[in-house]
Amino acid sequence: MSSLLNTYARMDVGFTKAKGAKLYDENDKEYIDFTSGIGVVSVGHANDRVNEVICDQLSKISHISNLYQIEPQKQCAKKIVELSGYDMACFFGNSGAEANEGAIKIARKYGEVDGETKKYKIITLEHSFHGRTITTVKATGQESMHNYFGPFPDGFVYAKTIDDIVPLIDNHTVAVMIELVQGEGGVQPLDKKKVQELAKYLKTKNILLIVDEVQTGIYRTGDFLASNVYEIEPDIITLAKGLGGGLPVGVVMTSKKEIFTPGDHGSTFGGNYISTRASLEVLNILDEYKNSGALDESIIYFSSKLEKIYKTYKNLFEDIVGFGLMRGLRVKDAQTLSDILNASVENGVMVLKAGKNTLRFLPPLTISKEEIDEGFKRLNTALSNI
Ligand SMILES: *Cc1c(COP(=O)(O)O)cnc(C)c1O
């Protein structure tokens with residue numbers, strides 16, 4: 001009997017070392033990583049530059065609490081705001097769910113102080129995913145995740161599609177919270193025009209737009225934020241997965257820079273020297289990578305290989321979805337998807353599942369052409385046996 005609670009259907013493989021997009025298991029078998037740990041190690045495993053700043057920082061100071069000035073936290077926030085292009089301020093936590101908790105608290109406080117009627121309702125989308133805490137699981141528009149854990153905080157309303165959001169708005173609505181590309185829900189991008197129209201409408205109604213960029217943020221979709229790709233100006237944005245190069249970190253950023261006063265929100269570990277120093281280096285690396293044209297090249301190359309697999313295996317796949325390096329292939333049925341996942345691991349390439357029937361690809365953003373070639377070669381072998 002395991003000493004771990006039974007929360008994950010884990011594959012029977014564990015790793016001992018990794019570099020770039022390559023992983024090695026206990027038997028020294030090599031795998032190409034098309035998952036980056038669910039979009040986390042965006043600059044690749046054991047990145048030299050990130051390792052160096054972490055070691056340097058560890059040897060100096062790692063933690064002192066948010067009661068004092070933390071220089072790398074300030075620098076990291078400054079860099080995030082600069083790269084986003086939005087006039088916002090940041091709060092650091094330790095995970096995506098915690099970032100979204102912060103976003104919800106900002107919205108709720110905004111609804112309290114702005115106007116006479118207390119506004120508190122937050123509209124989210126079906127098939128969304130916003131986290132595993134009691135509040136963020138309730139914000140998640142998947143009924144199956146709401147079993148057992150009630151009673152929940154009030155005020156979450158689910159829209160079936162983006163078209164159904166506006167009719168759900170009433171006097172108590174304070175915010176709409178969306179992922180621009182649903183990740184866990186199955187790599188499902190929202191329509192750009194519709195999002196722009198929604199964003200415009202919400203501004204006229206003084207309703208906040210919260211964009212959950214925990215998965216889409218940090219260049220995953222080709223620009224720093226998916227919000228940049230969609231050319232909108234949200235009021236609140238959350239980040240986490242790809243930011244810390246593997247270290248736990250989450251950020252909520254908002255244009256309501258004066259919303260909180262001391263005592264409203266906090267975190268013991270959030271924004272510590274190590275995670276913010278590592279995050280700052282990740283941002284430096286990816287900023288350079290994007291500016292040099294290497295990221296766009298990588299996206300084009302990965303896409304061409306994915307297209308080829310999609311066309312070769314029309315018997316297995318129904319659609320090709322996503323953009324940037326957040327991609328998916330819709331598989332005909334759940335059993336085939338499960339078979340593909342197992343065959344991939346066997347053949348030394350790691351891929352992910354999303355929703356019921358999507359084979360998901362979230363490779364490190366800095367993955368090399370050689371690693372892409374090798375990964376698709378192995379995937380091809382895996383698929384040819386199904
Ligand atoms: C992963 C994810 C979360 C939750 O992040 P955690 O760090 O696991 O708490 C929230 N929202 C989205 C869109 C995610 O992909």
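Basis for what follows: all heavy atoms, side chains included, without hydrogens, waters or symmetry-related copies. As the structure lists them, so they are numbered: ligands from 1, and atoms in each ligand from 1.
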Carboxylate-amine/guanidinium proximity below 4.0 Å for D373 and K369: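 The answer is no: the pair does not qualify as a salt bridge.
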Parallel, tilted or perpendicular: which one describes the rings of F302 and F361, with boundaries at 30° and 60°?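 It falls in the perpendicular class, over 60°.
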Would you say Q215 and E184 are linked by a side-chain donor-acceptor pair, where the criterion is simply a distance under 3.5 Å?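 Yes - a donor-acceptor pair under 3.5 Å links their side chains.
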Check: T261 main-chain N/O paired with D264 side-chain donor or acceptor under 3.5 Å: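 A pair under 3.5 Å: yes.
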Does [X], backbone or side chain, put an N or O under 3.5 Å from an N or O of ligand 1?
X    : result
G131 : no
D212 : yes
Q215 : yes
E98  : no
F129 : yes
G96  : yes

Does [X] [atom1] have over 12 foreign heavy atoms under 6.0 Å away?
X    : atom1 : answer
E82  : CD    : yes
K314 : NZ    : yes
K105 : NZ    : yes

Using the rule given for side-chain hydrogen bond (donor to acceptor under 3.5 Å, both in side chains), can you reason through N380 versus Y313, listing the C-alpha separation, both sets of side-chain angles and the distance that settles it, and then say yes or no? CA-CA 9 Å; N380 186 54; Y313 294 97; 2.7 Å; yes
For atom 15 (O) of ligand 1, grab the closest protein heavy atom and report residue, atom and distance to one decimal in Å.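 For this ligand atom, the closest protein heavy atom is K241 NZ, 2.5 Å.
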Counting non-hydrogen protein atoms only, what is the nearest one to atom 9 (O) of ligand 1? Give residue, atom name and distance.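 Nearest neighbour among protein heavy atoms for atom 9 (O) of ligand 1, to 0.1 Å: A97 N, 2.8 Å.
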Output yes when a protein non-hydrogen atom is found under 4.0 Å of atom 6 (P) of ligand 1, and no otherwise.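 There is a protein heavy atom less than 4.0 Å from atom 6 (P) of ligand 1.
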Give the atoms of ligand 1, by number and element, whose distance to some non-hydrogen atom of E179 is under 4.0 Å.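 By the 4.0 Å cutoff, the relevant atoms are 13 (C).
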Would you mind running through ligand 1 and noting each atom that sits below 4.0 Å from a heavy atom of N100?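 Per the distance check, 10 (C), 11 (N).
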